[in-house]
Amino acid sequence: MIQLHDKFFKPFLSEEEIMQAIQRMADDIAVDYKDETPIFVGVLNGAFMFVSDFLKAYQHPCEVSFVKLSSYHGLTSTGIVETLLDVPDNIEGRSVIILEDIIDTGRTLKELVHLFSNTKVKEFRIASLFYKSEVYNGEYAIDYVGLDIPDKFIVGYGLDYNELGRNLREVYQLNQKHMINLVLFGKPGAGKGTQAQFLKEKYNLKHISTGDVFRYNIKNGTELGTLAKSYIDKGDLVPDEVTIKMLEDEVCKNPDADGFIFDGFPRTAAQAEALDNFLESKDMKVDATIALEANNDVLIERLLERGKVSGRSDDQDVEKIKNRFEEYNLKTAPLKEYYEEQNKFHSVNGIGSIEEITQRLTKVIESLSN
Ligand code: AMP
């Protein structure tokens, strides 16, 4: 998996597959044109690599030239096709074969056909290395095709995503796999961490506990740890700016994940909004927020028990625990409404055996894909 700007791409075609397709095209074209000297016209910028390798594979007399058009901006075709470099001179009476890197809707092709229709060429042919036959809706039949590919955004081998990726030897496809992103919601001690351990195995998810990340940083004496410690020791929340940035870094460290379990995040309205915006920028979203419900008496008992084993100072003092509950009621509980408005809020009884609770959570998760 590679990252270009904000998007992730997975390997799609190897260098070898591309070279084989090009050799087949060169052989097919040679059958038709080896007895004359055709002019191959590459369409810049995307086709520069294809033209180079194609010419090396085409072992007969030929000339080469280029035109330059522009129609893509970001991931979608804008429909605006500008001519930036016009048709070459002296093509009258000659056979011209256009070398395109990719043909999808056919808008650029239409403009190319238009460009050449005003010239007195002997013959005009189109050869495209990649062709999205599913979405092509032009009138012109493509004469030579390297590889018919599905309608997915691709980069590499001359093709770019906002100018990055052209220098890759292979072709990569935009990663649009189905992800499950869950927010585990609930007061301290509700069992979020315990349940996350089971769910992450079951659904192959990456578990991000902001509390764990803070504790890791405290243990390792990082700057972030020192800052967070003063808040955590009192049972207060760490400021949003710090927490949001840290969470985003954790997500970015795992570009291959099939999804995430957010445990202990978001805990404030600002964090919830930041999470939505951040995930949206990565073509991701929160699929469900699942709250583990349990009453304070049960939770205090659980936390004090945990404190004996874990040594967590914030689990050993009833006053600190109560402060954490207060922080929850004040800042986190209102998020229920935020997710209810998005129809993403699910409540699960958090009292019972670990297995029973896992089953309740699984039931909610399985219902999501229906
Ligand atoms: P936890 O392990 O989730 O109970 O978190 C322990 C402590 O870490 C909390 O009491 C907070 O001080 C801090 N913390 C964890 N997650 C967050 C968050 N999303 N926002 C602010 N502070 C957090």
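Scope of the values below: all heavy atoms of this structure, side chains included, with no hydrogens, waters or symmetry mates. Everything numeric in this text was worked out from a predicted model, so none of it was measured. We count ligands from 1, going down the list as the structure has it; atoms in each ligand are counted the same way.
- Using cut-offs of 30° and 60° on the angle between ring planes, the pair F260 and F262 is parallel.
- Ligand 1 is approached by R215 to a heavy-atom distance shorter than 4.0 Å.
- Ligand-side atoms of ligand 1 in range of Q271: 18 (C), 19 (N), 20 (N), 21 (C), range being under 4.0 angstrom from any heavy atom.
- With ring centers used as reference points, Y231 lies 6.0 Å or more from F214.
- The atoms of ligand 1 that sit less than 4.0 Å from any heavy atom of R312 are 1 (P), 2 (O), 4 (O), 6 (C).
- A donor-acceptor contact shorter than 3.5 Å is absent between the side chain of D151 and the backbone of V135.
- In D236, the part holding a heavy atom less than 4.0 Å from any atom of ligand 1 is the backbone.
- With hydrogens and angles ignored, the 3.5 Å screen pairs no side-chain donor or acceptor of K206 with any backbone N or O of P255.
- In the vicinity of G264, heavy-atom distances shorter than 4.0 Å reach the ligand 1 atoms 16 (N), 17 (C), 18 (C), 19 (N).
- For the residue pair N45 / K68, a side-chain donor-acceptor distance below 3.5 Å is found, with atom types taken as modelled.
- Residue contacts with ligand 1: D314 is placed with no nitrogen or oxygen under 3.5 Å of a nitrogen or oxygen of the ligand (distance criterion only).
- Within the 4.0 Å heavy-atom criterion, neither part of K187 lies near ligand 1.
- In this structure the side chain of I29 never reaches within 4.5 angstrom of the side chain of D32, judged on heavy atoms.
- Among all protein heavy atoms, the one lying closest to atom 23 (C) of ligand 1 is F214 CE1, 3.7 Å.
- Considering backbone and side-chain N/O atoms, Y231 never comes within less than 3.5 Å of an N/O atom of ligand 1.
- Proximity of a side-chain donor or acceptor of R267 to a complementary backbone N or O of A272 within less than 3.5 Å is not detected.
- Looking only at distances, a side-chain donor or acceptor of K192 sits under 3.5 Å from a matching main-chain atom of G186.
- For ligand 1, the polar-atom distance check finds an N/O of V238 within less than 3.5 Å of one of the ligand's N/O atoms.
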**Message:** For Y136 and Y131: C-alpha separation, side-chain torsions, deciding distance, then whether ring pair (Phe, Tyr, Trp, His ring centres under 6.0 Å) applies.
**Reply:** CA-CA 8 Å; Y136 179 66; Y131 174 50; 5.6 Å; yes
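- No side-chain heavy atom of I91 sits less than 4.5 Å from a side-chain heavy atom of K120.
- Among protein heavy atoms, atom 15 (C) of ligand 1 sits closest to R267 NH1, 3.3 Å.
- Interface of T210 with ligand 1, defined as ligand atoms under 4.0 Å from a residue heavy atom, comprises 15 (C), 16 (N), 17 (C), 19 (N).
- The protein atom (non-hydrogen) at minimum distance from atom 7 (C) of ligand 1 is I232 CG1, 3.9 Å.
- Under 4.0 Å from ligand 1, not a single heavy atom of E327 appears.
- For K234, the heavy-atom gap to ligand 1 stays at 4.0 angstrom or more.
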